[in-house]
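This report concerns only the one structure given below.
Residue numbers start from 1 in every chain, and the chains themselves are labelled A, B, ... in the order their sequence lines are given, proteins ahead of strands.
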Amino acid sequence: MKHSWQLLKPWLQALQPARKKLVLGFLFSLLAAFSGIGLLALSGWFITASAFAGVLGFGVLVNIYTPGAGIRLFAVTRTVGRYLERLIQHDAVLKIQTLWRVKLFSQLSQRDVRWLHGQQTSLLIHRLTRNLDVLDMLWLRFLTPLASAVLLTSAVVIFVAIWTPMLALGLVFLLLLIGLFGVVLPLRVSLRYAQKEQHADEMTRHIALDFVDGLPELVAWGLGQQYQERLLAQQKLFHQVRQQRLQRMHICQSVMQVLHQVAVLLTAVVSVNLWQEQQLSGPVAVMLPITVLALGDLIMPLATQANTWGDILYAAKQLNGWALKPNESLQPHDLSEPSIPHQSDGLLLAPVYIEQRQRVLFDMRYWHVPQGMHVAICAPSGEGKSSLADHIASLIKSDTLGVYWKGDSLESLEVNQRTQLISYLTQRNHIVNGTLWENLRLANPKLTEQDAWQVLHWVALDTWVHALPKGLDTWLGEQGELMSGGQARRLALARVLLTDPALVLLDEPFTGVDNATQSLIKVRIQSWLQGRTVIYFAHDTNVLPGTHKQYRLVNKQLSEYCLKGLAHESNEHPGGV
Amino acid sequence: MKQVEVEREQARLLLARLLFVLKKDVRRVTFWALLQGLMTVTYVVLLAALLSSTIGSAATPSELIWLAFGLIATLVVRGLSFYQQEKCALQLALKSEQQALSWLAQGWQYAAGRGVVRDQASLVGEPMQVLGPYFSRYRPQLSLAVIVPLIILSVVFYLDWIAGTFLLLSAPLIPVFMALVGMGADRVNQQHFALMRRISGLFIDRLRNVTVLKLFNQTEQAQDEVRRASEKSHQLNMKTLRVAFLSSAVLEFFTAVAIAAVAIYVGFALLGYYQIGPASRMTWFTGLTVLMLAPEFFQPLRTLSSYYHDRAAAVGAAAELARFGLQLNEVDSKQELRPLQVDGQLVVTELTVRYEGRGIVLKNVSFTAKPGQLIWISGASGAGKSTLLKSLAGLLEVEAELTRDLQFRGRMMTEQAVAYLAQTPFIGNQRLADNLRLAAPQATDSQLEDVLNQVGLNYLLQELPEGLGTFVGTQGTALSGGEGRRVAIARVLLSKAQLVLLDEPTAGLDEESALEVMHAINCLLEANRTVIVASHDALLADWAAQAFELKEGQLHEA
């Protein structure tokens with residue numbers, strides 16, 4: 001219990017600003033449920049009283065107008081209460097959604113980007129939103145119904161106790177049993193199965209993903225059918241888990257239903273007895289079992305609601321795992337070690353050790369790039385170039401890789417100092433869903449239209465943008481889906497060109513850009529690159545502008561090498577050698 | 001607009017087809033639900049009888065025993081039928097998902113040559129999982145919502161036709177308001193869907209691109225954006241929800257009013273205020289029964305309206321499924337032809353491939369390849385290189401005569417004689433050993449090590465944390481581009497495949513890795529396999545026995 005509280009605490013605390021709405025919504029849900037019970041109970045009392053006065057010939061005079069009005073009142077408050085409850089509760093839930101999403105976003109954006117790595121982004125994002133959706137149930141589908149069921153059931157028991165304490169005691173016993181089958185057991189079932197179920201579900205997705213990925217090869221090989229059966233078998237496994245979980249739930253629900261009816265019967269039998277012994281009036285004797293019957297509306301959904309508990313906790317746990325990791329605090333690296341030259345100039349990495357997905361990618365004592373130098377790191381894709389770039393740009397922090405600029409650790413810099421110092425063109429384009437202008441403005445909030453056209457000219461996008469009916473205000477769609485890969489690449493490059501950094505990291509800058517355009521861009525951006533320290537990352541140096549030095553990855557070390565046909569380019573290179 | 005209608009039509013078709021397959025199961029669920037409904041009615045009547053015969057009048061002990069016995073029996077039957085209904089409903093839901101997945105997977109296989117987008121794998125998630133409730137809850141409830149109220153109505157009419165008339169009069173109100181609520185719900189669902197997609201789209205988009213936001217120090221601005229978008233959606237959502245809730249409140253209000261009217265009618269009749277028709281003869285038992293049955297009369301309809309969103313969700317999901325994978329009419333297996341070398345030679349004669357909408361892609365392509373030979377096919381992008389490989393792999397339907405030794409696909413499939421490697425060969429999220437054993441399940445560990453040796457990957461056994469048992473693929477330990485291709489080639493070496501088709505095996509690799517891949521391909525030649533490579537890499541010239549160039553769909557010797 002304490003453990004669950006720890007998991008949910010951060011999320012519940014974030015609800016402070018919405019607490020008025022939440023309380024109000026809860027009160028209305030109580031009102032609606034109370035009126036529902038009241039409507040039935042009072043109707044039962046009323047017709048019995050009428051029967052006693054009328055056909056049964058007891059001749060007791062009843063005031064028929066007050067109960068009649070009461071019935072009408074309950075009918076109205078029930079409807080109005082339910083309407084307001086729904087309205088306010090949904091309002092509150094939407095508010096909760098906003099609060100939680102903003103909170104999660106802020107926490108995730110403060111962490112280094114490693115949580116994004118190593119997993120497929122689409123699967124990760126799916127998991128994230130799914131968990132948020134599950135967590136959204138906490139208030140509306142778990143806490144509120146549970147609390148109102150407990151409160152109103154207690155109220156009914158007290159009401160019964162006014163007439164007959166013994167019966168109330170019996171009811172308490174039955175209701176506790178109902179609580180066992182309707183709440184406690186479903187809670188435990190959900191705790192036991194939530195994680196299992198999600199795992200089985202994800203395995204199915206993974207196999208489906210594999211199947212789609214390898215489809216042509218598998219089908220050509222004649223393995224399509226076999227793989228399809230594997231997929232269906234995995235789905236069956238997932239279904240088995242669901243089945244086990246739900247069957248236990250169905251047993252709980254059936255028992256609960258029977259227990260509730262037994263409670264109604266018990267109340268009826270006891271009331272009849274008491275009426276015969278003249279301890280209860282007839283109308284009351286009818287009203288009591290009907291009141292207990294009316295509790296059914298409140299009690300029956302409990303099992304399903306309680307069964308969400310495990311999923312909610314598991315979702316919270318996963319979200320906490322992503323969002324609430326304590327900020328990685330790193331040991332400063334000791335530069336006084338004699339074998340590492342102390343450099344007060346340019347970029348120094350020391351030590352350089354990167355391990356990713358269980359493989360060591362880099363292992364060297366230090367690597368130095370003098371200021372103003374243009375260098376290229378050449379390695380095949382998938383061998384950690386981008387990871388090195390991420391480390392240099394502090395997107396990933398690690399205590400096995402230290403980054404120093406002019407002798408100062410980047411760790412010691414403020415975020416805005418660091419972002420001003422470094423511009424980094426990542427391997428992925430990262431076009432945000434918005435207009436072209438908004439995408440450019442990310443790089444420079446004070447962007448002028450003139451500057452925008454200037455960099456668009458540099459990356460040879462100006463003619464294309466001019467031809468667009470909406471020009472700079474063109475909507476680019478999700479992940480830049482409305483532009484080609486090459487155009488997106490150039491737009492991402494244009495964003496880098498809008499900044500004024502001392503250190504530039506360009507990871508495969510010309511992916512998807514045809515040769516003619518590449519040469520054009522290379523010439524146009526020379527003046528911007530001049531005087532800055534530039535590191536290119538590429539699988540093939542032929543696609544890069546001239547550089548002073550080139551490195552290859554040999555034995556997890558960067559080693560300098562010379563390649564054909566680049567020396568002459570270096571001569572015209574603005575940086576000079 | 002038209003596109004939307006076509007999608008809706010396809011969705012309806014898909015649901016109808018699923019329903020056809022699941023008809024019996026739906027009936028079974030309906031049966032148990034109906035039995036449960038009947039038991040509820042019986043229970044209420046018996047309870048009323050018990051109360052009315054004991055309170056205010058004296059029943060004989062034997063009558064009481066019968067009543068108590070009946071009550072307990074109904075309780076037991078009701079509990080059992082509830083359990084049965086839930087059980088059958090669950091089975092039905094799971095069965096519908098299994099059926100849909102098997103159709104989808106069939107459709108994927110059928111479309112393998114034309115390319116299946118990666119995103120389609122996500123259809124296995126939510127879209128598939130919302131189909132279940134439509135069949136297991138909405139469909140049975142549709143019958144229930146008619147039958148149970150009719151039963152109750154006839155009981156009430158039998159007891160007291162005036163009370164029955166009250167219910168009957170209020171009954172048509174319900175469908176009318178349900179339709180209103182339903183339409184509202186539909187609209188809310190659509191708007192809600194589009195909106196939520198946009199809002200959660202923004203949240204997801206900014207998270208996806210959090211790297212660039214951090215690099216440009218824009219995370220706080222993005223956080224504001226997320227908040228504003230979320231608040232906007234909140235407001236708009238509330239607008240539509242208000243309408244939807246109001247209409248369902250009206251429905252509930254009428255239900256409550258009808259119940260209250262019945263209660264008051266019964267009360268006054270019992271008091272003897274009415275002297276007309278059955279009201280004058282109203283008994284205590286009748287009054288109590290009618291009153292207790294009144295809420296049960298409306299309950300199935302209310303349940304149906306609460307299941308309405310299951311229907312909306314299922315239609316949406318079916319539309320999505322139909323749009324992507326489940327092209328129902330095409331799932332029937334078609335026999336395709338592909339070449340086989342019976343006398344050890346691959347002979348392709350006059351191969352023609354025509355795509356719908358793109359015209360003829362390959363025209364009268366003919367060539368012969370001998371075992372141990374590498375055939376290099378070059379050509380500009382879009383010249384039809386991949387099409388040629390895919391048609392040889394049997395992934396595309398081809399026109400005209402293919403080879404002298406025609407074979408039916410079915411036989412080829414069992415023989416596993418053709419291996420096709422896409423540009424980024426398939427590496428499953430499995431152990432390295434499982435990946436290698438894909439087409440040779442019987443291979444021993446030492447055979448695996450042997451082929452890894454051949455393609456120059458023996459170092460992997462040391463470098464990977466768990467050697468052959470290491471999980472690789474997109475979720476596991478990383479293999480570089482060159483390593484992945486060599487693993488795929490090692491896999492072919494283990495298999496019986498005689499014909500190996502490689503699509504751009506050296507693209508995106510540095511020179512060194514490209515050479516390593518070429519050495520691995522050479523192992524295939526040494527093992528006497530016929531290798532056909534589509535590539536624009538001139539490196540292949542040194543290795544090829546024959547070189548061709550594809551131009552405008554025709555093959556020229558280079």
Side-chain angles (χ1 to χ4, degrees), chain A residues 43 46-47 50-51 53-56 71 75 79 83 86-87 90 94 98 101-102 105-106 109 113 120 125 205-206 208-210 212 214-217 219-222 224 228 235 239 246 250 254 257-258 261 272 275 282 285-286 357-358 380-383 416 419 424 430 432-433 442-443 539, chain B residues 51 54-56 75 79 82-83 86 90 94 101 105 109 112 116 121 124 203-205 209-212 215-219 223 226-227 230 234 241 245 249 252-253 256 260 263 266-267 270-272 284 287 291 393 395 413 416 418 420 422 426 428-429 439 465 477-478 480-481 509-510 513:
Chain A
S43 306
F46 172 64
I47 62 151
S50 312
V55 286
L56 296 177
I71 289 172
T79 315
Y83 172 68
R86 280 181 173 169
L87 213 57
H90 278 85
L94 287 167
T98 305
R101 272 154 189 71
V102 171
F105 185 86
S106 119
S109 63
V113 298
Q120 278 158 357
I125 300 275
R205 279 163 205 268
H206 282 316
L209 210 54
D210 264 5
V212 169
L215 204 53
E217 282 163 76
V219 171
W221 221 320
Q228 174 177 338
Q235 190 196 34
H239 283 176
L246 285 171
H250 295 157
S254 309
Q257 206 184 43
V258 172
Q261 308 294 357
V272 167
W275 178 77
V286 173
R357 291 170 71 190
Q358 299 182 299
S381 47
E383 296 198 353
N416 62 339
T419 51
Y424 171 22
H430 290 300
V432 300
N433 191 357
L442 278 183
H539 70 276
Chain B
L51 286 174
T54 47
I55 296 176
L75 270 189
F82 169 80
Y83 181 76
E86 291 289 324
L90 177 63
L94 299 184
L101 181 60
Q109 282 199 54
V116 173
V124 173
F203 174 71
I204 287 166
D205 183 73
N209 294 312
V210 74
T211 312
V212 81
L215 285 172
F216 293 128
N217 199 17
Q218 295 285 314
T219 47
Q223 190 179 320
V226 169
R227 173 182 295 120
S230 192
H234 179 164
L241 283 178
F245 290 159
E252 280 191 28
F253 181 70
V266 168
L270 287 176
L271 279 172
W284 168 212
L291 181 75
L395 294 170
M413 302 262 274
Q416 301 184 356
V418 181
Y420 165 81
F426 166 60
N429 280 299
T477 305
S480 74
L509 295 184
D510 62 322
S513 314

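Side chains of Ser109(A) and Thr219(B): a donor-acceptor N/O pair is absent below 3.5 angstrom, by distance only.
Taking each heavy atom of Leu271(B) and Ala53(A) in turn, the nearest pair found is CD2-CB, 3.3 Å. Of all heavy-atom pairs between Thr79(A) and Ala249(B), the closest is CG2-O, 3.2 Å. Of all heavy-atom pairs between Ser254(A) and Gly79(B), the closest is OG-O, 4.1 Å.
Both the backbone and the side chain of Leu94(B) come within less than 4.5 Å of a heavy atom of chain A. If you measure heavy-atom distances from Gln235(A) to chain B, the contacts under 4.5 Å come from the side chain alone. Proximity to chain A (any heavy atom under 4.5 Å) is restricted, for Leu90(B), to the side chain, taken from C-beta onward. Heavy atoms of Gln257(A) lying under 4.5 Å from chain B belong exclusively to its side chain. Residue contact with chain A, scored on non-hydrogen atoms closer than 4.5 Å, involves the side chain of Gln218(B) exclusively.
Put simply, CG on Leu215(B) and CG on Leu442(A) are 10.5 Å apart, with the number rounded to the nearest 0.5 Å. One finds the CZ atom of Phe46(A) at 9.0 Å from the CG atom of Leu270(B) (value rounded to the nearest 0.5 Å). Note that OH of Tyr424(A) and OG1 of Thr211(B) are 8.5 Å apart. Values are rounded to the nearest 0.5 Å. Note that the CH2 atom of Trp284(B) and the CD1 atom of Ile47(A) stand 5.0 Å from one another [nearest 0.5 Å]. Distance check: Asn217(B) CG to Asn416(A) CG gives 6.0 Å after rounding to the nearest 0.5 Å. Expressed to the nearest 0.5 Å, how far OH of Tyr420(B) lies from CH2 of Trp221(A) amounts to 13.0 Å.
Taking the centre of each ring, His250(A) and Phe82(B) stay at or above the 6.0 Å mark.
Here the side chains of Phe105(A) and Arg227(B) are not in contact, with every heavy-atom distance at 4.5 Å or above.
Ranking Leu246(A), Val258(A), Val432(A) against chain B, the residue ahead of the rest is Val432(A), based on heavy-atom pairs under 4.5 Å.
No donor-acceptor pair closer than 3.5 Å links the side chain of Gln261(A) to the backbone N or O of Leu75(B). The backbone N or O of Gly428(B) sits nowhere less than 3.5 Å from a side-chain atom of Asp210(A) that would complete a donor-acceptor pair.
Here His234(B) pairs with Asp91(A) under the side chain to side chain donor-acceptor pair (under 3.5 Å) rule; sequence neighbours left out.
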